[in-house]
Number of protein chains: 2
Amino acid sequence: IERLVSRVWRFLEKAWNLAVDDPRKVIHCLKVGIALTVVSLFYYMRPLYEGVGGNAMWAVMTVVVVFENTVGATLCKCLNRVVGTSLAGLLAIGVHWVARQSGENLEPLIVGASVFILASAATFSRFIPTIKARFDYGAVIFILTFSLVTVSGYRIDKLFDMAHQRLSTIIIGTSLCILVTTLICPIWAGKELYVLIYKNMDKLANSLDGCVSQYFDHGDEKTDKEDKALLGYKCVLNSKATEDIMANFARWEPAHGQFNFRHPWKQYLKIGASMRSCAYCIEALIGCIKSENQAPEFIKKHLRNTCLIVGSNSSGVIKELAKTIKTMKKSNTIDLLVGEMNSAVQELQNDLKSLSCLSNSDSPPFQEESETPGNKKTEKPQKATATIPLMGVISVVTFASLLIEIVSRTEAIVKAV
Amino acid sequence: IERLVSRVWRFLEKAWNLAVDDPRKVIHCLKVGIALTVVSLFYYMRPLYEGVGGNAMWAVMTVVVVFENTVGATLCKCLNRVVGTSLAGLLAIGVHWVARQSGENLEPLIVGASVFILASAATFSRFIPTIKARFDYGAVIFILTFSLVTVSGYRIDKLFDMAHQRLSTIIIGTSLCILVTTLICPIWAGKELYVLIYKNMDKLANSLDGCVSQYFDHGDEKTDKEDKALLGYKCVLNSKATEDIMANFARWEPAHGQFNFRHPWKQYLKIGASMRSCAYCIEALIGCIKSENQAPEFIKKHLRNTCLIVGSNSSGVIKELAKTIKTMKKSNTIDLLVGEMNSAVQELQNDLKSLSCLSNSDSPPFQEESETPGNKKTEKPQKATATIPLMGVISVVTFASLLIEIVSRTEAIVKAV
């Protein structure tokens, strides 16, 4: 029993932390509560209840099912629900009419067949990617309403009234939802996406900084905070699904805050993708840090300064881009920073040349050299690992060139905003 | 109008291709149709209809909402629905009883407050990750049933009967769904996961092969097929979300085929994660292939053979692992292959040493060297780019060491299977 109590306690503690971390979640919960309480007023007030003919249930149901965290998601579901219901209702009434005309015996057959065919077709449409992204819920509601209306049409006579009442209750429910989500502390999917993107950019820049400095300073006095910053790129790697969902919902949202209705949300996805390709590079860098073969100190020292400069320059560019996205104004300093970064990269390449120069000046005879390593035995272990820093360094170069690509891409975006 | 027609035509064509690609999707659609038609029999047969007191609607609804593509997902939703409904129903009846006892005036207040509190709490619980993964749908159903029952309890007198009928219709609907999904061409989430994993492994191996060979053979006669194989690693990168969902559903499934009930699905996620880290390396390799700085031919030639051997060895290991997972039997040759791969890596490292050896034997004076490049002008452009192949090569080495890590991990898994 004690273990159970401690477990429940831990669970509650976790939940509490979650609530403290993001108070908007609590607000969302309260919003659901408010919407539900308002909608249940339909039951308590006799005139309202009579008005919708006892179908108030559907309004409650709509609120529960449709209410989502972000405005975009709620709007999307609402539209899907209303359109799906009315389309299915119309079709069902049509089918019902045809079935009625064709006599007592054929009626169940026709109804059954139509349910079978349309349900299969609608289910299939849910597999088509473009429909899945936007109208998945609508297809479900279509099947639901169609089968309910056609099938119950067999037993209930006032079909048209029923359909009409259902639709009106659903519209009441959806409009209530829309009002509550947009008026009480709205959470916009678009804004979430925008915040996610620029926060991820900052994290990426911090990771890069941490990564480069740890590579050269051996991370003797690692603090927890630094470690956390270092792992920031993992967020970037894993946020693809969230970005896609957000961008999808953001399209449904009306103008809000700094965003217009036709804000180029897809650009954010592109930025996200290029950030992810950067993050892959950081992953490779981290691999270098962890690898057992470490470079000898003197080589590291030689490259240390240039590398640190390249690292800090490119993370500076990313940070500047994050700021650009944040303020949605073309930054004045970005060109300068990119230029600085490029020259730093150039310098680094020169440094590398000075290293590799030596390695290749007499590369044809190197096979003989490797066959007679005895005479250089003492230095060998150092040399064996000497190739490794090159990788770290060249990763930085690749990284930087990737960055330049990203910079050019994001500049286009900055203009688009 | 013509454009509309051509658009519709293209759309239909796409849908047709989708159906041909994966006929199981069509089967799934037919299954939905069958389940719905069977459930609507409740309306056509008078005795059945009377039996559930006109609440057959709920059975239809359950089928539409609960029926999913894989057995695991359907089972998960069914259990969530049944448990959520019964829990909420019991609670609601309790609240209703309390409210009744406390007099006419307090009743709507108590009911309203309970709806508000419980709906908020349940919504909040949906944010907690562990609950979100498994009981998200249950929480929605809980809110739905609870608010429906408590609120309509205010108007409907035979509350207990209603709750009982709802529950029984839902159970009818869910059991029908479970029967149809498991008996007619079942699609098991577990098997999907398993197929996904070993196909991804194959793709990864092909990508690696293609990548290494393209790097050294300049990809002059690129075929479309090769290009496709090369991009196989992208599937690996993007399949994280699918894997997570599948593994989540797979846990709900009973024993089927070669899988027991408590099959270690989490191991598949681990394999997936390590494959992804491999794929990051391939991404870096592709970066090398595309980079403008290409290595001079003679260096490439020198390293070509060893690299190709390392590449083919490691892809051989991956393929062998895929086979191991496919047949779920410990492979006899895997140790041998890993050994071969390791020795190939060793050889490659030796080759690299023979290169780097020269670069560092006199590294202290290299600054002077780089300041007087005039005497070697003719060779300079070649040397400038000489560092680049090192990166490609060392990526292969990193890759191989990653592979070794993966091999050791997967061997543990093979034992677990």
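A note on names: the letters A, B, ... follow the listed sequences, proteins ahead of strands, and every chain is numbered from 1. This is a predicted model, so every value here is computed, not measured. Computation of the quantities below employed the complete heavy-atom set of this structure, encompassing side-chain atoms and omitting hydrogens, waters and symmetry-equivalent molecules.
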Using every non-hydrogen atom in the two residues, find where [X] and [Y] come nearest and quote the distance to one decimal.
X: B:Thr123; Y: A:Cys29; value: C-SG, 3.8 Å
X: A:Gly33; Y: B:Ser120; value: CA-OG, 3.9 Å
X: B:Phe116; Y: A:Thr37; value: CD1-OG1, 3.5 Å

Of B:Leu144, B:Thr145, B:Ile141, which is the lone residue that meets side chain to side chain contact (heavy atoms under 4.5 Å, CB included) with A:Val64?
-> B:Leu144
Flag the one option from B:Val65, B:Val140, B:Val26, B:Ile34 with the top tally of heavy-atom pairs under 4.5 Å to chain A.
-> B:Ile34
